[in-house]
Protein chains: 4
Amino acid sequence: MRDGSKTKELIARTSLHLFVEKGITETTIRDIAAAAGIAEGTLYRHYESKDQLAWELFSENYVSFARELDRVQEEYDTLKDKLAAMIRRFCAFFDQDPVLFSYLLLAQHHQLKKVTPDMETAVTVLQKVIAQGMAKSEVPEMEVELAAAMVLGVVLQVAVFKAYNRINQDLSHLGEILVDTCWRVLVGNGTP
Amino acid sequence: MRDGSKTKELIARTSLHLFVEKGITETTIRDIAAAAGIAEGTLYRHYESKDQLAWELFSENYVSFARELDRVQEEYDTLKDKLAAMIRRFCAFFDQDPVLFSYLLLAQHHQLKKVTPDMETAVTVLQKVIAQGMAKSEVPEMEVELAAAMVLGVVLQVAVFKAYNRINQDLSHLGEILVDTCWRVLVGNGTP
Amino acid sequence: MRDGSKTKELIARTSLHLFVEKGITETTIRDIAAAAGIAEGTLYRHYESKDQLAWELFSENYVSFARELDRVQEEYDTLKDKLAAMIRRFCAFFDQDPVLFSYLLLAQHHQLKKVTPDMETAVTVLQKVIAQGMAKSEVPEMEVELAAAMVLGVVLQVAVFKAYNRINQDLSHLGEILVDTCWRVLVGNGTP
Amino acid sequence: MRDGSKTKELIARTSLHLFVEKGITETTIRDIAAAAGIAEGTLYRHYESKDQLAWELFSENYVSFARELDRVQEEYDTLKDKLAAMIRRFCAFFDQDPVLFSYLLLAQHHQLKKVTPDMETAVTVLQKVIAQGMAKSEVPEMEVELAAAMVLGVVLQVAVFKAYNRINQDLSHLGEILVDTCWRVLVGNGTP
DNA sequence: TATGAATGAGATTTCATTCAT
DNA sequence: GATGAATGAAATCTCATTCAT
């Protein structure tokens, strides 16, 4: 009662679950309040509006995950190692908090449109790393966006299948396959 | 009658654009009516409800696209050819009607949950084809869902980047790269 | 049902009564809807918001009354006649629609602050007329705003007393007294 | 205790300013607390409710001002002197605390309705004095309420103009004009 | 078939007030 | 006395849907 930040955290976790389960628009303030065991008005002590709650949940985690990825890739020198480390980190994070990652993964248009070009995201980090690798001829040259899209697709779609329970194993167990596959995606293309 | 079906088509196209642009829940009947230049009530002459409109738009195209993919793959014998044909067809369709494909691609949770297991979808067709190819040892054995996810990821994420204008070229121009890449995704993994 | 403007008029009259009776903030949309015999949502087909309703009710009548006063004063040549005609018109209007005039009279701060300097109001018309009269030496010179305030005060405060039922006679019956008094207010002051 | 009454005074002054600036209903407890630099709950240590705060601010000052007016008029014998003294006192008070007087002047309906007939107000004092003057034939007979309304109007409307910055001079400087004008309002009317 | 005003349930949000600390 | 997080009733507003024309 004294510590409002606990309540904020409670609201965040509860909302996250409901947003992932039913969608943002389909989740009402009443739903959140009931699930969190708080009054409807309480939410507004911690978040300006439902929209802002959804956005804060998205953007803060989206950005902090990107930062973490960036930190991880910096520990390695080659594209291959950087990529492997990033993928493994992604898998570990996903398994650790699948609800949060589902939220980020299945993020609606609405949220994504608010991502400004200056925000560091997983996509920008990945593109940066790939671009560097190409510059150092670690992989053949090709359009960076395209390369990033394909690598991203491999990992994300597997995560989506996992989120939808089409795949049973934890992502971490698939780390090696994902790393190998992504590498093969990168090295095979381009002008040799 | 002629007129009536034109109105229905008008509603369908207008809704599709708005749904892709703003999201389904965020698009109001009033938005659709205004954009289509019809009265709000008119929509209900052609569709039972907004939900049904969104679902009809989704399911009919989702299913007919899956059927088309299935027809296409049947024309070929090997997994490699089947896959190549399917990807090329996907690219051609996307370029032809990017709005429709964005709608299918960025489909909300809400819609995907209504997809029953007995419905033939692009995913089931892809899994079937891959499973057959593995059975015939055209590619190494591995979990079919995982293989399908990765192949799907490569193609879909490129399409998503295209939908978000991160990539400029038409998908059709990327057909060969996508085909090659997907093939490499499949052949490299599994137990040799 | 066909004619929406009837409903709008009904909402306007009903709101006016309630706003005068209870105050704007104290009157709820539910109050208005119940009193008008319409659904709550119906109000929003005709007015953007409660605030806008209150403002439209105020500003349109405030301005059109000012225009009417201006038209009236133009029919006469001397300040004395102009003033008399304006006061008589004010009295007649008040008696004709006491609720509307009470609304304008007791208008809250909130509304008055939205009155932009370019809007023609009863006050600006009165000041203009008095200024002209002073210029033509029909009454002694003095600060126009002060003169206008005092004349206005005489008439308005009597109207306020009438609105609060402190005075029983119709304003029209007090027309001559008000005209005489206001004239005496103007001629007695200033540097002779 | 010393501290406590200081807080109460702080709340009173802060509320007064905000009430005048934005209106009572439009001013929230949070507004007051923020402006006064206190916690929201603190207000309730000093006032039962927001309504009671608004009412206390209004009624106490309204009544004490009326008493003061009454005391002032008692020092004089003739209506003319009484009226002059009251007007001068009003001007002095207004200049001394314009915010308070704006609050009393622009008092909402809501407050005025709570004024019971047995309460002594500026209006009742004025009516009493005028009635006495008429009884003593100092001014011609006429309806007391009407006479009071007109005299009141002259003074109040000038104060309102001052409150809205339409007039620049302090009210005290206008004392003589107001006194003269009000006297002329009274003596000119009635049955000679 | 088409219209569009009207509906009313339900969503979001506000805010005076309470109460544990 | 003071705090400020929590409350929850009530207000405003939205919008899918209906229905008389």
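Any value given below was found using the heavy atoms of this structure, including those in side chains, with hydrogens, waters and symmetry copies removed. By convention in this document, chain letters (A, B, ...) are assigned in the order of the sequence lines, proteins followed by strands, and residues within each chain are numbered from 1. Please read all numbers here as calculations on a predicted model, not as lab measurements.
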Trainee: Sequence neighbours left out, what passes side chain to side chain contact (heavy atoms under 4.5 Å, CB included) with B:Ala35? Give chain and number order.
Mentor: B:Thr14, B:Leu18
Trainee: Figure out the CZ/C1' separation between A:Arg45 and F:dG8, and round it to whole Å.
Mentor: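 Interatomic distance, CZ of A:Arg45 to C1' of F:dG8: 13 Å.
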Trainee: Examine E:dA6: is either OP1 or OP2 under 4.0 Å from a nitrogen or oxygen in the side chain of C:Thr7? Give yes or no.
Mentor: yes
Trainee: Please enumerate all residues that pass ring-ring contact (aromatic ring centres under 6.0 Å, His included) together with C:Tyr62, with sequence neighbours excluded.
Mentor: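 Once residues adjacent in sequence are excluded, the partners of C:Tyr62 under the ring-ring contact (aromatic ring centres under 6.0 Å, His included) criterion are C:Phe58.
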Trainee: Quickly work out the A:Leu43 CG to E:dC15 P distance and round it to whole Å.
Mentor: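 That distance rounds to 16 Å.
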Trainee: Kindly write out the residues that satisfy salt bridge (Lys or Arg N to Asp or Glu O under 4.0 Å) with B:Lys114, not counting sequence neighbours, or none if the list is empty.
Mentor: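 B:Lys114: no salt bridge (Lys or Arg N to Asp or Glu O under 4.0 Å) contacts found.
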Trainee: By nearest heavy atom, map C:Tyr44 and A:Gly41 onto DNA chain F; which one lands nearer the 5' end?
Mentor: A:Gly41
Trainee: Parallel, tilted or perpendicular: which fits the ring planes of B:Phe101 and B:Phe93, with parallel below 30° and perpendicular above 60°?
Mentor: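 B:Phe101 and B:Phe93: tilted rings.
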Trainee: Take A:Thr116 and A:Asp118 through the side-chain hydrogen bond (donor to acceptor under 3.5 Å, both in side chains) test and state the conclusion after the steps.
Mentor: CA-CA 5 Å; A:Thr116 54; A:Asp118 61 291; 2.7 Å; yes
Trainee: Mind pulling the stems DNA chain F is in, i.e. runs of at least three Watson-Crick or G-U pairs, everything under 3.5 Å?
Mentor: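 Stem list for DNA chain F: E:2-21 with F:2-21.
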Trainee: Please list, chain by chain and in numerical order, all residues satisfying salt bridge (Lys or Arg N to Asp or Glu O under 4.0 Å) with C:Glu9, sequence neighbours excluded.
Mentor: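 Scan of C:Glu9 (salt bridge (Lys or Arg N to Asp or Glu O under 4.0 Å), adjacent residues dropped) gives none.
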Trainee: Does B:Thr42 have a side-chain nitrogen or oxygen under 4.0 Å from the phosphate oxygens OP1 or OP2 of E:dG4?
Mentor: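 For E:dG4, neither OP1 nor OP2 has a side-chain N or O of B:Thr42 closer than 4.0 Å.
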Trainee: Look at all strands and tell whether A:Ile38 reaches a base, only sugar-phosphate, or nothing, counting heavy atoms closer than 4.0 Å.
Mentor: sugar-phosphate
Trainee: Among residues at least two apart in sequence or on other chains, which ones pass side chain to side chain contact (heavy atoms under 4.5 Å, CB included) with C:Leu100?
Mentor: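 If we apply the side chain to side chain contact (heavy atoms under 4.5 Å, CB included) test to C:Leu100, skipping adjacent residues, the hits are C:Leu16, C:Asn61, C:Asp97, C:Leu104.
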Trainee: In whole Å, what is the span from the NZ atom of A:Lys8 to the C1' atom of F:dA6?
Mentor: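 Distance, rounded to whole Å: 16 Å.
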Trainee: Roughly how many Å is it from CZ in B:Phe19 to C1' in F:dA16, rounded to a whole number?
Mentor: 12 Å
Trainee: State which residues pass side chain to side chain contact (heavy atoms under 4.5 Å, CB included) with A:Glu48; sequence neighbours excluded, sorted by chain then number.
Mentor: A:Gln52
Trainee: Excluding sequence neighbours, so at least two apart, what forms salt bridge (Lys or Arg N to Asp or Glu O under 4.0 Å) with A:Glu56?
Mentor: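 So A:Glu56 forms a salt bridge (Lys or Arg N to Asp or Glu O under 4.0 Å) with A:Lys8.
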Trainee: Using whole Å, report how far CD1 of B:Ile11 lies from P of F:dA16.
Mentor: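 That distance rounds to 14 Å.
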Trainee: List in chain and number order the residues that pass side chain to side chain contact (heavy atoms under 4.5 Å, CB included) with A:Tyr44, two or more places apart in sequence or in another chain; answer none if no residue qualifies.
Mentor: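 By the side chain to side chain contact (heavy atoms under 4.5 Å, CB included) rule, A:Tyr44 matches A:Ile29.
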Trainee: Look at B:His46 and E:dT1 and indicate whether a side-chain polar atom (N or O) is within less than 4.0 Å of OP1 or OP2.
Mentor: no
Trainee: Give a yes or no on whether a donor-acceptor pair under 3.5 Å exists between the nucleobase atoms of F:dC13, that is its base, and the side chain of C:Glu40.
Mentor: yes
Trainee: If you look only at pairs with a residue in residues 27-39 of chain D, which of them pass as a salt bridge (Lys or Arg N to Asp or Glu O under 4.0 Å), with sequence neighbours excluded?
Mentor: D:Lys22-D:Asp31, D:Arg30-D:Glu40
Trainee: Is there a residue in residues 48-57 of chain C whose heavy atoms reach under 4.0 Å of DNA chain E, and which residues are they?
Mentor: none
Trainee: What parts of residues 21-35 of chain D reach DNA chain E, counting only heavy atoms under 4.0 Å away?
Mentor: D:Thr27, D:Thr28, D:Ile29
